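The block underneath contains the structure these notes are about, expressed in structure tokens.
A quick note: this is a predicted structure, and the numbers were derived from the prediction, not measured.
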Amino acid sequence: MSGSEKNVRRRVITPTSDPPNTDPLLRPRGSHQYEVQPNGCERAFVQRNKIKWFWAPAFFGFWLLLYVAISIPACHRLPRPLTIQDEAKHPDQFIAERAENNLRELVGLGPRVVGSRQNEMAALKMLSQKMQKIRSGSANDIEVDVQVASGSYVHWSMVNMYQSIQNIVVKISPKGTNSTTYLLVNSHYDSVPAGPGAGDDGSMVATMMEVLRVLAKSDKPLKNPVVFLFNGAEENPLQASHAFITQHKWAKYCKALINLDSCGNGGREILFQSGPNHPWLMKNYRRAIKHPYASTMGEELFQHNFIPSDTDFRIFRDHGSVPGLDMAYTYNGFVYHTRHDRAEIFPRGSFQHTGDNLLSLVREIANCPEIEDSSKYAEGHTIYFDVMGWFLVFYTETEGIILNVIVALAAIGICGFAFKLMSVSSGIKLEKILKRVLHTLLVQILSVIVAAVLPILLGLFMDAVHLPLSWFTNSWLILGLYFTTFFFGLAIVPALYFHWTKYDKLPIGQRIQLLLHCHCVLLAVLTLVFTICGIRSVFVLMLSCLFYTMGLIINIATKLHSKDVAWVIPHIVCTVPPFVFFAYFSHGFFTTFIPMFGRFGENLNPDLAVAVFSVAVGFLCCGFIIPVLQLFNKSKTIICGLMGITLLCFIIAMTPVGFPYRPDTNVQRFAVLHTKRTFHDAENHVRRQESGYFIMPQDRRTYTVKNAVINMTLAQKIGADCEKEINCGLPLYNQRWHKTRKNSLWIPASEPVLGEDLPTVIVLSKKQLSSTKIRYEMQLSGPNHMALFIQPLNGATMKDWSFHKAPLRLNFETPYFIYFSWGVNGDPLKFWLELEKPNGNWNSTTLELGIGGHWTHHKDLITPDFKKFLDSFPKYVDATPWPASFESRIY
């Protein structure tokens, strides 16, 4: 060996199995720290610092199992109904079987439309007899009063006018009391045309009767009287409640309200409106209620008109300033306002659920001190929600604001501390960690945007290819169509980001934690923003932040946050409670809203709305779950599998499984009016007359029946008539029809048979008040239900009239809509109109009237041709038929 070679030092690298002693140059690229040999449990689940890919189905199945096994049963849980045989053991309790018998007797009378014999005579007689029987064995004082009233008010943009409608009002009082503080309990016994009205609202009437019976014979004292209002004109709409609160002798003493209604058939009654501004009502609800089911979110949705309904609660609130609680059934809304709303399908357990709650609530509120001077306790809005039907959470809006701010700031603070610990454990400078935080936050925001856009685009596509409502019967398709699309969008963006930055020095487990922290920060910021906006339902985001922060604190305390996979265990454990709760009330939300899309009208794309709802619910329920998919091996393949589920469900939607309707249970709705239209010119000559079927679709899929119904291929949209005839020349039945009138259809047909009481307007006098003003005195007569449309012509303006003044004061859009119905007295309605023409030219026409007549409860007027036409509808269609007329007159 040469001398030069002797002086050369050689470095010999000896392979070693000790990771800390491995040369850094020989460590695998992307390795950040030495690997500890996994134990047996880790070997089963973990491979290369990630969860083995084949555990992904178990991960999805775990959350699905929680939803199916816990959330859904909790949403539909009902108490055991008591029978008449149980009464001896439970002498002072609500008996469901008695309420069921009451309902069957009421529904057995048939549809109870205002003005019909069934409503004005048979139902009144039946209820009066029940009340007399209860009074005969009562330990309390009971007074029964039958109210007959006339009046008017403005409902949306329509003057709602009524004449001789009826209420049965029952007051139960402690013997010898002189209290002038009453609790009001209300429901309605009338029904829509052709509907038995078992769920809406016969079930609540039957429940009230049984509660009244229990109170009447009970030894438990009532401190203050309770007024039970069985109102006979709610569907008109809301006329009888207005008659009571503005005219009845007991109305001024009613200091609190419990309103009972329904947009379904059974289930649990939900409390969806309270107060307003009277939190003491919720305190009493919490103390008294046996089976809580309540939601601030339902209240905000209802009050912002997301639900196409209205209740008497609004009348008592707006016209009587009576604070209260508004409760309703929402389950099985598919049969709501159809001929399938029968007593036979109403669950007896629902009676027990509502009866237990109502009986306890009546006793609690009637005896509480706050009712005696409720104005002293008007303290603002409340936030309330039940937890799985077990108990009620309730706090004031002020307390909610404080709680939201504290939780949101704490979540941001804990996440900030976690960022610092991440810097320490990884050896990366905090500045670089914060830079990664910014990048990850932007990625998360982008993923939420992409996740929201994809279902919305799918909803638009489903409508474009004539596949809306494919989930109407099989609602699980929503999960496969819209939720999986949302989950895909929420997961694929971070997956691509992690793929493109896979050589980042930060371990993948900590990068996923970083993504979750950023999602928590995003939720915390949204919580603060929505709190500032006054949205009380933001409590759901606050709860999501709260439970994630709890899991993060556990991870930090146990130092699991520095582990590659183990941190996911506390995270999942703390995610389970909010997921189960959010899935519980989201299931109730979809159970309520899915049937409503069958009556939202043709203007709304239901799949677009469901896509938006799915985005909101998916973001809430799974925002902290979907990012965990990045922790699995082959994560991008797993995520793409979600789109495979969407594709499969899309294919299913094209099959008979995806056809929306089923006979008797999930029906398609149409209102079909056999109509005669007559139009007069200025000389009072008939310029146009025709007969046909006026069809008002209730959903998006009118084309479904096109090839089945007689002459349906000849149907034309009525829109052209809207340009040249007053109010499209249609006998519109209510305000909702008025809003969607341009989507209605017309099919030429034979002339209908109308009643002898044809709608008629007679000019009693015409008097010129000045050179620019003229006054008409008129008289309207006709069937129980009429519509009057008033359109000034040729520069004339309506200065005054005998109707409600609000439309003139608020400059309502013309033609003015006057809805008029009468109950037991059909005397003609006399009214006057005062018009002004600034130019004083009375040689031209001044006024056009449109008069619509409806024979809603006259089955004998259905002609053979009309019956044949109705019979041609498929069996899955619920067509509500009656004869109608429309006539225009020019003056």
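Here Lys717 contributes atom NZ and Leu745 contributes atom CG; the two are 7.0 Å apart, rounded to the nearest 0.5 Å. One distance of note links CG of Asn265 with CD1 of Ile345; it measures 4.0 Å at 0.5 Å rounding. With values rounded to the nearest 0.5 angstrom, Leu541 atom CG is found 12.5 Å from Leu546 atom CG.
The main-chain N or O of Met696 is found under 3.5 Å from a side-chain atom of Gln698 such that the two form a donor-acceptor pair. Under a 3.5 Å cut-off, the side chain of Asp341 and the backbone N or O of His337 do not form any donor-acceptor pair. Panel note: side chain Asp878, backbone Arg669; no donor-acceptor pair is recorded below 3.5 Å. At distances below 3.5 Å, not a single donor-acceptor pair connects side-chain atoms of Asn474 with backbone N or O atoms of Leu477. The backbone N or O of Ala495 lies less than 3.5 Å from no partner atom in the side chain of His499, so there is not a single donor-acceptor pair. Checking side-chain atoms of Asn357 against main-chain N and O of His291 turns up a donor-acceptor pair under 3.5 Å. Under a 3.5 Å cut-off, the side chain of Asn743 and the backbone N or O of Gly601 do not form any donor-acceptor pair. Side chain of Tyr584 to main chain of Ile70: no donor-acceptor pair is present (N/O by atom type, distance under 3.5 Å, no hydrogens or angles). Ser586 places no side-chain N or O within donor-acceptor distance of the main-chain N or O of Ala583, the cut-off being under 3.5 Å. Without hydrogens or angle criteria, Gln352 side chain to Leu78 main chain gives no donor-acceptor distance under 3.5 Å.
With a 4.5 Å cut-off on side-chain heavy atoms, Val705 and Pro874 count as touching. For the pair Gln630/Ile508, no side-chain contact is recorded, criterion being any heavy-atom separation below 4.5 Å from C-beta on. Inter-residue side-chain proximity for Phe619 and Leu523 is flagged as met; some heavy-atom pair is nearer than 4.5 Å. Met712 places a side-chain heavy atom less than 4.5 Å from the side chain of Ile695. At least one side-chain heavy atom of Tyr482 sits less than 4.5 Å from a side-chain heavy atom of Val610. Side chains of Trp471 and Pro606 form a contact here, defined as non-hydrogen atoms less than 4.5 Å apart. In this structure, Met462 and Phe650 have side chains that are in contact, with non-hydrogen atoms separated by less than 4.5 Å. Between Lys50 and Ser635 the shortest side-chain heavy-atom distance falls below 4.5 Å.
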Validation: residues 653-660 side-chain donor-acceptor distances under 3.5 Å, sequence neighbours left out:
unit_1	atom_1	unit_2	atom_2	d
Thr655	OG1	Ile652	O	2.5
Thr655	OG1	Val657	N	3.3

N/O donor to acceptor pairs below 3.5 angstrom from side-chain atoms of residues 436-445, sequence neighbours left out:
unit_1	atom_1	unit_2	atom_2	d
Arg436	NE	Asp504	OD1	3.1
Arg436	NE	Asp504	OD2	3.0
Arg436	NH1	Lys432	O	3.4
Arg436	NH2	Asp504	OD1	3.2
Thr440	OG1	Arg436	O	2.7
Gln444	OE1	Ser447	OG	3.3
Gln444	NE2	His519	ND1	2.9

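When the ring pair (Phe, Tyr, Trp, His ring centres under 6.0 Å) test is applied to Phe334, the partners found at least two apart in sequence or on another chain are Phe472. Residues that satisfy the salt bridge (charged side-chain N to carboxylate O under 4.0 Å, His left out) test with Glu269, not counting sequence neighbours, are absent from this structure. Residues that satisfy the ring pair (Phe, Tyr, Trp, His ring centres under 6.0 Å) test with Phe530, not counting sequence neighbours, are absent from this structure. Asp463 is linked by a salt bridge (charged side-chain N to carboxylate O under 4.0 Å, His left out) to Arg700, counting only residues two or more places apart in sequence or in another chain.
Taking a cutoff of 4.0 Å between a charged side-chain nitrogen and a carboxylate oxygen, Asp699 and Arg599 do not qualify as a salt bridge. Under a 4.0 Å N-O distance rule, the pair Glu602/Arg701 does not qualify as a salt bridge.
In summary, of the residues considered (Phe54, Phe632, Trp55), a ring pair (Phe, Tyr, Trp, His ring centres under 6.0 Å) with Phe45 occurs for Trp55 alone. When each of Ile51, Ile625, Val568 is tested with Phe59 by the rule side chain to side chain contact (heavy atoms under 4.5 Å, CB included), just one qualifies, namely Ile625.
Side-chain contact check for Asn404 and Thr531: at least one donor-acceptor pair (N or O, by modelled atom type) lies under 3.5 Å.
Heavy-atom minimum distance, Ala524 versus Ile412: CB-CG1, 3.7 Å. Between Pro570 and Leu560, the closest heavy-atom pair is CG-CD1, 3.8 Å. Here the closest non-hydrogen pair linking Tyr329 and Ser350 is OH-O, 3.3 Å. Between Leu490 and Cys622, the closest heavy-atom pair is CD2-O, 4.4 Å. When all heavy atoms are compared, the tightest approach of Leu620 to Phe582 is O-CD1, 3.6 Å. Across every non-hydrogen atom of Trp737 and Ala671, the tightest pair is CZ2-CB, 3.4 Å.
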After noting the C-alpha distance and the side-chain angles of His76 and Tyr331, does the key distance pass the side chain to side chain donor-acceptor pair (under 3.5 Å) rule? CA-CA 9 Å; His76 299 292; Tyr331 176 73; 5.2 Å; no
Does the side chain to side chain donor-acceptor pair (under 3.5 Å) test come out yes or no for Asp201 and Ser262, once each step is laid out? CA-CA 6 Å; Asp201 194 24; Ser262 174; 5.3 Å; no
For the pair Phe547 and Phe579, evaluate ring-ring contact (aromatic ring centres under 6.0 Å, His included) and give the outcome as yes or no after the intermediate values. CA-CA 10 Å; Phe547 279 91; Phe579 172 81; over 10 Å; no
List the steps and the verdict of side chain to side chain donor-acceptor pair (under 3.5 Å) for Thr296 and Ser537. CA-CA 6 Å; Thr296 294; Ser537 299; over 6 Å; no
Assess whether side-chain contact (heavy atoms from CB on, under 4.5 Å) is satisfied between Val407 and Thr549, documenting all intermediate values. CA-CA 9 Å; Val407 170; Thr549 304; 5.7 Å; no
CA sep, side-chain torsions, deciding dist, call: Leu642, Phe487, side-chain contact (heavy atoms from CB on, under 4.5 Å): CA-CA 7 Å; Leu642 294 171; Phe487 296 155; 3.8 Å; yes
Steps toward ring-ring contact (aromatic ring centres under 6.0 Å, His included) verdict (Phe589, Phe585): CA-CA 6 Å; Phe589 173 84; Phe585 86 74; 7.9 Å; no
Before giving the answer on side-chain contact (heavy atoms from CB on, under 4.5 Å), spell out for Ile478 and Ile594 the whole-Å C-alpha distance, their side-chain angles and the decisive distance to 0.1 Å. CA-CA 10 Å; Ile478 294 176; Ile594 287 174; 3.6 Å; yes
Run the ring-ring contact (aromatic ring centres under 6.0 Å, His included) check on Tyr548 and His571 step by step: do they pass? CA-CA 7 Å; Tyr548 177 76; His571 172 68; 5.6 Å; yes
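Residue Trp476 places its CH2 atom among more than 12 non-hydrogen atoms of other residues, nucleotides or ligands, all under 6.0 Å distant.
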